[in-house]
Amino acid sequence: MPNIASILKAEISRVARKEVRAEIDILKKASANHRASIAALRRQVSALEKELRRAAKGSARRAPADDADAAGESEPKRRFSAARLAAHRGKLGLSAASYGKLVGVSGQTIYHWEQGKARPRAAQLQRLAAVRDLGKQEVAERLGAE
């Protein structure tokens, strides 16, 4: 006949396993819910980051357009080409120093612009555009007057 102590011990361990299994099932369900919510939050963060990058890219594209519109209202936007500057100076037959006098800068500055080592500022672009509209005779008159 079995000992009462061993029967009692077996019954206690069976009940304990049953209780532990019930608690573990509750914890597994909670863990699965937490993982699902974490995955949903990660997807949401990813979507928000993508939207932020798209918005930043869109605003970066719009910002220069807005600046161009503001500049376009007051005066036209000027472009600069080093090769065109050198060609125009050659066409007029002027030295860099003489061309610089017309524009209001030094000959060294003209040389740097032609070499692409520097770029003219907005005000200097306006003066370059004014000189670009001059012919050989007008240039000679201006240089002779100075």
Side-chain angles (χ1 to χ4, degrees), residues 6 8-146:
S6 64
L8 187 60
K9 185 176 175 185
E11 186 62 23
I12 290 173
S13 65
R14 185 186 66 80
V15 171
R17 278 194 304 270
K18 185 178 176 183
E19 290 294 320
V20 168
R21 194 176 311 123
E23 289 296 319
I24 287 176
D25 285 343
I26 292 171
L27 290 175
K28 281 183 181 179
K29 287 179 183 176
S31 177
N33 286 337
H34 290 309
R35 285 187 180 149
S37 65
I38 288 170
L41 288 172
R42 282 187 177 155
R43 285 191 298 272
Q44 185 179 6
V45 166
S46 176
L48 289 172
E49 285 175 343
K50 186 185 278 186
E51 187 177 330
L52 179 64
R53 281 192 300 269
R54 195 176 317 126
K57 200 182 268 188
S59 67
R61 287 182 186 157
R62 276 186 237 121
D66 294 342
D67 294 344
D69 291 344
E73 292 171 1
S74 60
E75 55 195 32
K77 180 100 169 127
R78 300 286 180 190
R79 292 181 297 168
F80 174 74
S81 168
R84 288 178 59 208
L85 175 66
H88 187 249
R89 186 172 67 84
K91 179 181 145 189
L92 293 176
L94 296 175
S95 67
S98 299
Y99 200 86
K101 283 181 186 177
L102 287 173
V103 179
V105 296
S106 69
Q108 190 68 32
T109 302
I110 297 293
Y111 176 76
H112 283 296
W113 289 348
E114 289 177 352
Q115 298 302 309
K117 295 179 181 177
R119 293 186 55 83
R121 294 187 199 109
Q124 294 166 334
L125 277 173
Q126 296 302 320
R127 292 190 298 233
L128 278 171
V131 170
R132 185 123 176 100
D133 293 336
L134 300 177
K136 274 190 174 184
Q137 286 183 330
E138 294 169 310
V139 168
E141 289 172 7
R142 284 197 182 186
L143 287 175
E146 290 179 7

Just verifying a value: how many Å separate Ile110 CD1 and Ser98 OG, rounded to the nearest 0.5 Å? 10.5 Å
Tell me, which pairs form a salt bridge (Lys or Arg N to Asp or Glu O under 4.0 Å) where one or both residues lie in residues 30-50, sequence neighbours left out? none
The salt bridge (Lys or Arg N to Asp or Glu O under 4.0 Å) partners of Arg14 (sequence neighbours excluded) come to Glu11
Of all the heavy-atom pairs spanning Val131 and Leu102, show the shortest one and how long it is. CG2-O, 3.8 Å
Applying side chain to side chain donor-acceptor pair (under 3.5 Å) as the test, list every pair that has at least one member in residues 106-123; sequence neighbours left out. Arg89-Glu114, Ser106-Thr109, Gln108-His112
Just grab all the salt bridge (Lys or Arg N to Asp or Glu O under 4.0 Å) pairs involving residues 126-139, residues at least two apart or on different chains. none
Side-chain donor-acceptor distances from residues 24-31 under 3.5 Å, at least two apart:
none

Working to the nearest 0.5 Å, report the span between CD of Gln44 and OG of Ser37. 11.5 Å
What I'd like to find out is whether the side chain of Leu8 reaches to under 4.5 Å of the side chain of Ile12, using heavy atoms alone. yes
Might you point out which heavy atoms bring Val103 and Gln124 nearest each other, and give the distance in Å? CG1-O, 4.4 Å
Between NZ on residue Lys57 and CZ on residue Arg54, distance to nearest 0.5 Å: 9.5 Å
